[in-house]
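All residue numbers refer to positions in the sequence shown, counting from 1.
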Amino acid sequence: MRLLFPGKLLVLAGLGLVGSASRPAAPRLPVTVYVFLAESCPISQQATLPLRALYARYAPWGAVCGRISGAEATPASVAAFARTYTVPFTTQSDPGQVLAQRLGARITPEVVLVAADHHTILYQGRLDDQYAALGQRRTVSQHHELADALADLAAGRAVAVPRTQAVGCYIEKAGLGQ
């Protein structure tokens with residue numbers, strides 16, 4: 001079950017992970033993680049904590065993050081969201097949800113891990129299992145699918161679990177009066 005939550009779509013794009021000479025065991029990870037969030041979705045707001053942790057872990061590898069906001073979001077509202085939730089990477093808009101539609105994202109928060117070819121989706125779904133369903137929040141996440149997918153790639157393995165179901169708010173379609 002998912003909730004259509006009125007608000008502005010915010011897409012955090014980036015975590016373009018690249019290995020560096022200072023970490024020879026870490027392979028080059030030419031991938032991009034797109035994280036779709038809605039400014040007014042409580043589950044999206046809570047997702048910023050694990051996103052900060054992932055960014056802190058992978059930034060030394062050359063991680064680069066960009067932010068993308070939805071049709072209703074303004075530069076000021078996106079900047080306010082990033083400040084309020086201490087998002088350590090930048091934001092941009094996704095007018096008309098063009099990127100969300102291209103990648104098949106329908107929920108916030110939802111992540112899409114894309115290979116360097118910009119077409120191959122290596123992982124899509126939830127960040128972790130903090131929410132079993134709407135209104136069913138775990139105190140402690142037991143599975144960390146995005147972190148596991150990144151660890152698989154860093155170890156030179158295929159992503160073990162390439163798809164999970166995101167739990168959260170529907171991405172609003174532009175132009176529907178919302």
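With sequence neighbours excluded, the residues forming a salt bridge (charged side-chain N to carboxylate O under 4.0 Å, His left out) with E145 are R126, listed by chain and number. With sequence neighbours left out, the side chain to side chain donor-acceptor pair (under 3.5 Å) criterion links Q45 to Y85. Remark: D152 pairs with R157 by the salt bridge (charged side-chain N to carboxylate O under 4.0 Å, His left out) rule, at least two apart or across chains. For Y131, the ring pair (Phe, Tyr, Trp, His ring centres under 6.0 Å) test picks out no residue, with sequence neighbours left out.
F81 has its side chain within reach of V87: a pair of non-hydrogen atoms, C-beta onward, lies under 4.5 Å apart. Looking at I107 and V167, their side chains never come closer than 4.5 Å, going by heavy atoms from C-beta outward. Contact of the L146 side chain with the L54 side chain is registered, since non-hydrogen atoms from C-beta on lie closer than 4.5 Å. Between L103 and V114 the shortest side-chain heavy-atom distance falls below 4.5 Å. Y123 is not listed as a side-chain neighbour of V33, based on a closest heavy-atom distance of 4.5 Å or more. Residues L51 and L37 form a side-chain contact, since some pair of their non-hydrogen atoms from C-beta on lies under 4.5 Å apart.
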Problem set entry | Audit row: L153, L122, side chain to side chain contact (heavy atoms under 4.5 Å, CB included) steps and yes/no | CA-CA 9 Å; L153 293 172; L122 303 170; 3.9 Å; yes
Problem set entry | Steps toward side chain to side chain donor-acceptor pair (under 3.5 Å) verdict (E110, Q124) | CA-CA 7 Å; E110 182 171 352; Q124 183 164 2; 2.8 Å; yes
For this session: Please test S44 against E39 for side chain to side chain donor-acceptor pair (under 3.5 Å), starting from the C-alpha separation and ending with a verdict.
Result: CA-CA 7 Å; S44 289; E39 294 171 313; over 6 Å; no
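Closest non-hydrogen pair, P109 versus I43, comes out as CD-CG2, 3.4 Å. Closest non-hydrogen pair, P42 versus S40, comes out as CD-O, 3.4 Å. The shortest heavy-atom contact between A149 and L113 is CB-CD2, 4.0 Å. Nearest heavy-atom pair, P88 versus Y55, reported as atom, atom and distance to 0.1 Å: CG-CD2, 3.4 Å.
Counting only residues at least two apart or in different chains, salt bridge (charged side-chain N to carboxylate O under 4.0 Å, His left out) contacts with residues 78-87 are absent.
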List the atom pairs, with distances to 0.1 Å, where a side-chain N or O of residues 136-143 and a protein N or O form a donor-acceptor pair under 3.5 Å, not counting sequence neighbours.
| residue | atom | partner | partner atom | Å |
| --- | --- | --- | --- | --- |
| R138 | NH1 | D129 | O | 2.4 |
| H143 | ND1 | D129 | OD2 | 2.9 |

